[in-house]
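The next block holds one structure in the form of structure tokens; read it before the comments.
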There are 2 protein chains.
Amino acid sequence: MNRNSRKEELLRAASLVVARSGPATLTLDAVAAEAGVSKGGVLYHFPTKEGLILAMIEGEISTFEKLVEEGVAADSRAPGAFARAYVRATVAGMSGNGDGGFCGVAAAFANDEAILARYREQTAAWRARFLSDGLTPGKAEAIRIAADGLWYAAVIGAALPDVEGLIAFEAELLSLAGVGKRKNTKVKA
Amino acid sequence: MNRNSRKEELLRAASLVVARSGPATLTLDAVAAEAGVSKGGVLYHFPTKEGLILAMIEGEISTFEKLVEEGVAADSRAPGAFARAYVRATVAGMSGNGDGGFCGVAAAFANDEAILARYREQTAAWRARFLSDGLTPGKAEAIRIAADGLWYAAVIGAALPDVEGLIAFEAELLSLAGVGKRKNTKVKA
DNA sequence: ACTACTATACCGTCCAGCCGGTATAGTATA
DNA sequence: TATACTATACCGGCTGGACGGTATAGTAGT
């Protein structure tokens, strides 16, 4: 099998393990079993567990970032465009796939604080972007933290809004960000 | 030393370990060392690690709940009173002590999903309370998740608002909840 | 004598990482 | 086109350390 496709398969398997059984159960053996590969095979592609988790985080960040940038492009009405895209990307990532998209961060948190550095600097960058989005600081922080809070709640298993609640939640944050008209409707459903 | 005061000392030590070095480093040995007690001493009070973490969570919940109830009592103007108290309690718990007050939940998350059940049912209860607070569902969910998000961000080490940002964040959520006049000002500073 | 520990030794399990080996595919050479 | 060699991808057993928990013997205060 192709090198990169196998790597991505392993990353997906790792996320699945975290999503299904919690970050404490993310062992190399579990990933191997989930992917139908031996432990040696996992270590061939990711020489250390830290490397595996780091790759998970990197993938999650870039996936999310891509979604956000698409949203910004589709809605560039001046103030709050980034905030709106961020909210939409978060909510979309929530209802979309079951595993969320946060398993790498969860795994890092549970396994080794040091690995979180990458995620932490990313949140700082997003915060800066929020603060220069033309909103008041209060709105910027509130929207960012509410959106992130939804992620965190999903990962930890805290109570989540039901379907209508989620829609209302999104609408509330969008109205806080000033409802920019969207150029088109790329995001499905 | 008194039984209960020692127990609380151990709980504080455990929280400190989590806050300082992350939930992955919460071992019985680490707690013992932090509290200046032998490992046997820790196991005397908490026969299992699970019991220790559960006690941490229980303490955190009851501390927070007490803060909220005080806030509700001080501000019982009809709609949004609970939401306002919840927000105030969250922000107060943030700026107050360094360790936050979330270490037990973090430890449970990192160590064993099963222990989180207690916290999960609590969040469901809080959610129900939010939804019957006289606000629109969107506002209720947004405020709750934003407040929780602040906790989560602090624990995971994600970017946080600076001091003025935190004040603005709180004001924003309070205004979403409808700024109830407070009967008195029990909460310091 | 009972409570609340200390100190130390130990057991069993789990797990990351290592290592020797293998199967397969491709390439060079003759 | 047969042989020799190499790289890639993976297998699976092993080891060493960490950690939860047990056990035991002893001690200081009350």
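So that the names make sense, note that chain A is the first sequence line, chain B the second, and so on, each numbered from 1.
Rounded to an integer number of Å, the gap from A/Ile115 CD1 to C/dA16 C1' is 12 Å. Rounding to whole angstrom units, CG of residue B/Leu43 and P of D/dT24 are separated by 16 Å. A/Lys7 places its NZ atom 12 Å from the P atom of D/dC10, with the value rounded to the nearest Å. Between the CG atom of A/Asn111 and the P atom of C/dA16 there is a distance of 8 Å, rounded to whole Å. A straight line from CZ of B/Phe46 to P of C/dC5 spans 11 Å, rounded to a whole angstrom.
Closest to the side chain of A/Lys39, from the set C/dG17, D/dC11, D/dG21, is C/dG17. Nearest nucleotide to the side chain of B/Ser38, out of D/dG21, C/dT6, C/dC15: C/dT6.
Proximity of B/Tyr44 to the phosphate of C/dC5: no side-chain N or O atom is located under 4.0 Å from OP1 or OP2. The side chain of A/Arg6 places an N or O atom within less than 4.0 Å of a non-bridging phosphate oxygen (OP1 or OP2) of D/dC10. Considering only side-chain N and O atoms, A/His45 lies nowhere under 4.0 angstrom from the phosphate OP1 or OP2 of D/dA9. Considering only side-chain N and O atoms, A/Lys49 lies under 4.0 angstrom from the phosphate OP1 or OP2 of C/dA16.
Within the nucleic acid shown, B/Leu52 has no heavy atom closer than 4.0 Å to any nucleic acid atom. Using a 4.0 Å heavy-atom cutoff across all strands shown, A/Leu28 reaches sugar-phosphate atoms only and no base atom. Among the atoms of the strands shown, only primed sugar atoms or phosphate atoms (P, OP1, OP2) are found under 4.0 Å from some heavy atom of A/Val37.
Using a 4.0 Å cut-off between a side-chain N of Lys or Arg and a carboxylate O of Asp or Glu, A/Arg88 and A/Glu70 do not qualify as a salt bridge. In this structure, B/Glu34 does not pair ionically with B/Arg12, as no charged nitrogen and carboxylate oxygen lie closer than 4.0 Å.
Atom CG of A/Leu135 and atom CD of B/Glu172 lie 9.5 Å apart (nearest 0.5 Å). Annotation: the span from B/Leu28 atom CG to B/Leu10 atom CG amounts to 10.5 Å, rounded to 0.5 Å.
Where A/Gly40 and A/Asp29 meet DNA chain C, the nucleotide closest to each residue was compared, and A/Asp29 sits on the side nearer the 5' end.
Remark: the backbone N or O of A/Ala147 is not paired with any side-chain donor or acceptor of A/Thr90 at under 3.5 angstrom.
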